[in-house]
Amino acid sequence: MFKKQNQQATKSKRKPVPISVEDFGQAATEFYYVDKTLLIKNIIDNKTPVTLFTRPRRFGKSLNLSMLRTFFEKSKKNTSIYFRDKNIWKCGREYRKEQGKYPVIYLDFKDIDVQSWEDASGKIISRIIDVYASFPELLKSKRVNHINDLPYYKDVVSKSLGISEYQDALQKLSRMLTSHYGVAPVIIIDEYDKPIQSGYDHGYYDDALSFMKNFLSAGLKGNNANIHYAFISGVLQVGQVSAYSGLNNIYASTVLDCDDYSEFFGFTAEETKSMLEYYGLADRYPEVCEWYDGYLFGKTEIFNPWSVLKYIKANAKAGTYWVDTGENDIIYNVMSNISSDTAGILSSLLKEESITVHVDKNVTFNKLKENSSYVYTILVHSGYLKVVDAKNDANTWTLTMPNREIYEVYSSEIISAIAGNDNTANTIRDALLNGDVDAFKNELASFLASAISVRTLHKEYFYQVLMIGILAIMNGRYILKEEFESGSGYPDIILIPRNPSAYPGIIIEIKTCSSAQGLVPKAKEAVAQIDRMKYDAALKTAGCSRIYKIGAAFCTKDVEVILEQS
């Protein structure tokens, strides 16, 4: 299956790690390349006219689409040289004869993330003009329809059309190419959902969805005679009045339904082991598993490819590389719609528990605020949760966090998304570890003031959930427990240090009150309860020499914190 590269290569002769390399020819010749060319065999075998690939960002979608383009595209250059040492070339003549045979329409929408529909539509039009201009031979073609198609071609490249008139551009270009070359083109559209997501982010969702729906429908529905293959990629399968509603010739390969394509996006365990061995890091495989394994695409175990590559590049230093790319718009939007019910379920995840929820395979952004189930749909599709088990019906799933990197995301990035402050969780953590009760209180108050709706702040449990979410960033140093039996009762939150000699044990008891005047007495009452119920028993058993007893009292967005140390 996967051909191991020279595992005995000396350090000086090793190929460089392919960080951010999305051009297949470059990746296949100049860098260490994980051979995914059997994707081509599966595509040819399946003979599906239109295939939608949805996977999390940076899981190899763009590189694979570049590979498909390089394989199928008719070119003056002999592009077979990129495949002669790859797995696809060993599959036989019936596959090799497909190489370099078809014109390719390639559109990339990944950078369409702008503030207005005017700017977004301008970028879309620019992409369409560029792809038209890449086929100047059509202007002189005797096979192209000179009455309808050729005038439209000229109008496109001269930028004389309105945005609605570009909705037929894919259909008409594919028809012209079929006429000229006598063979239907391959159509490739990378990140089709980016304009739709950007529209949701910036207030032009309906315009973006309407255009993409009409553009794709015109080009892909009822246009089989002018399509040899069509490949569409994205993060989400946008549903209901969707961008591809009515397309009866589409096959959607998602993180939930991968079938023959599960191993081709991201790294398999075998591929990860081979790469680590190549770079002299075979003994680090357990750490890589802990941090970057855990995705499940169909029935295939998958590692996060971006993070594995960054880990190798950083000389085996683990970190949150995937999250740190700064492309977290999806998660920000999801968490901005958090409800008390959603927060309760997320707190279970932060305690490293699984959850069972309804997950709709399609995503409808404009209903995100109405139906909390879409939160989990987006988290699954975008790589922040994984499905481990399907329940009684096809839309009920058991979900968990994939790995330690994602746990770190939930404990920092998600809380930051709610708070609108990237430093919130880190500041609260540092204040707590230093026993700085004033800083802890002030940052917590700031968090409540900027992040949470007053309407949700009325139950003690909700504050408990928020505290768990904030404190989960300490997972590397602590085992976080909620309602954990200790002494004569169950403290709200207990943090058991993984290294008791280095960090204090922490107990937090939470109270609510109806007026701000009652905050101090309630906080004192909470500390007294910790002492009276001997909640520190579990921490003493764990060998803690320092214990922080914290009483936290809340009244809507006001907070009082008292800390006693023993």
Side-chain angles (χ1 to χ4, degrees), residues 1-42 55-56 58-64 66-67 81-91 258 261-325 383 386 402-408 476:
M1 196 173 77
F2 173 62
K3 180 182 178 181
K4 291 186 177 181
Q5 302 192 35
N6 181 8
Q7 308 298 333
Q8 305 303 318
T10 64
K11 186 173 182 179
S12 61
K13 294 181 179 179
R14 289 175 185 146
K15 290 185 177 181
V17 181
I19 302 291
S20 298
V21 180
E22 295 183 348
D23 177 79
F24 173 75
Q26 184 183 22
T29 56
E30 300 176 23
F31 295 85
Y32 183 102
Y33 176 66
V34 177
D35 194 335
K36 298 291 186 178
T37 59
L38 290 182
L39 170 64
I40 300 167
K41 178 181 184 300
N42 286 20
R55 296 295 189 279
R58 296 187 180 271
F59 267 70
K61 298 188 298 295
S62 294
L63 180 57
N64 276 343
S66 176
M67 174 187 72
I81 59 173
Y82 300 122
F83 298 95
R84 292 183 179 275
D85 63 342
K86 302 297 184 292
N87 292 332
I88 185 61
W89 218 248
K90 304 171 188 175
C91 293
C258 298
Y261 303 115
S262 60
E263 66 187 86
F264 297 114
F265 297 87
F267 296 156
T268 65
E270 180 185 353
E271 291 165 347
T272 303
K273 288 178 182 177
S274 295
M275 182 179 292
L276 291 172
E277 184 178 346
Y278 178 86
Y279 287 103
L281 300 171
D283 61 326
R284 300 301 184 95
Y285 182 71
E287 182 176 50
V288 172
C289 286
E290 177 190 0
W291 276 84
Y292 310 122
D293 187 15
Y295 293 93
L296 198 62
F297 294 170
K299 296 180 180 179
T300 304
E301 174 189 2
I302 294 292
F303 288 69
N304 184 318
W306 175 263
S307 294
V308 171
L309 293 174
K310 293 288 284 186
Y311 175 89
I312 293 171
K313 184 71 172 178
N315 296 316
K317 180 181 179 181
T320 54
Y321 298 115
W322 184 65
V323 182
D324 291 344
T325 56
K386 75 169 180 178
N403 49 47
R404 183 172 172 182
E405 179 178 31
I406 297 304
Y407 191 95
E408 297 285 331

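Computed from heavy atoms alone, side chains included, the values below leave out hydrogens, waters and symmetry copies.
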Taking the side chain as every heavy atom from C-beta outward, state whether Phe83 and Met67 have any atom pair closer than 4.5 Å. yes
Student check: side-chain heavy atoms of Trp291 and Tyr311 closer than 4.5 Å: no
Kindly indicate whether the side chain of Trp306, heavy atoms from C-beta on, has any atom under 4.5 Å from the side chain of Tyr292. no
Heavy-atom side-chain proximity of Lys61 to Pro56 below 4.5 angstrom: no
Thr37 side chain near Tyr82 side chain, heavy-atom distance below 4.5 Å: no
Measure the CZ-CG distance between Arg58 and Leu63 for me, rounded to the nearest 0.5 Å. 12.5 Å
Closest approach of Ala316 and Leu281, non-hydrogen atoms and distance? CB-CD2, 4.0 Å
Is it the case that the side chain of Thr268 and the backbone of Glu263 share a donor-acceptor pair, with hydrogens and angles ignored and the cut-off at 3.5 Å? no
Looking at Val21 and Gln26, what are the two nearest heavy atoms and their distance? CG1-OE1, 3.8 Å
Minimum heavy-atom distance between Glu271 and Val34, given as atom pair plus value: CD-CG1, 3.4 Å
Using the ring of each side chain (for Trp, its six-membered ring), is Tyr279 parallel, tilted or perpendicular to Tyr32, with breaks at 30° and 60°? tilted
Is the side chain of Lys36 donor-acceptor paired with the backbone N or O of Phe267 at a distance under 3.5 Å, no angle test? no
Can you name the closest pair of heavy atoms from Ala28 and Lys86 and give their distance? O-NZ, 3.6 Å
Relative to each other, are the rings of Trp322 and Phe59 parallel, tilted or perpendicular (30° and 60° limits)? perpendicular
Would you confirm whether Arg14, through its side chain, and Tyr278, through its main-chain N or O, come within 3.5 Å as a donor-acceptor pair? yes
Locate the shortest heavy-atom distance separating Lys41 from Cys91; write the atom from each residue and the value. CD-SG, 3.6 Å
Can you list every pair that meets salt bridge (Lys or Arg N to Asp or Glu O under 4.0 Å) and has a residue in residues 289-305, with sequence neighbours left out? Glu290-Arg404
Listed partners of Tyr295 passing side-chain hydrogen bond (donor to acceptor under 3.5 Å, both in side chains), at least two apart: none
Quick one: does Leu296's side chain get under 4.5 Å of Ile302's, heavy atoms only? no
Whether Arg55 side chain and Phe265 backbone form a donor-acceptor pair below 3.5 Å: no
Can you run down the salt bridge (Lys or Arg N to Asp or Glu O under 4.0 Å) pairs that involve residues 16-26, sequence neighbours left out, and say none if there aren't any? Glu22-Lys110
So, do Met275 and Leu309 sit near enough that their side-chain heavy atoms are less than 4.5 Å apart? yes
Hey, is the main chain of Ser62 close enough, under 3.5 Å, to the side chain of Ser66 for a donor-acceptor pair? no
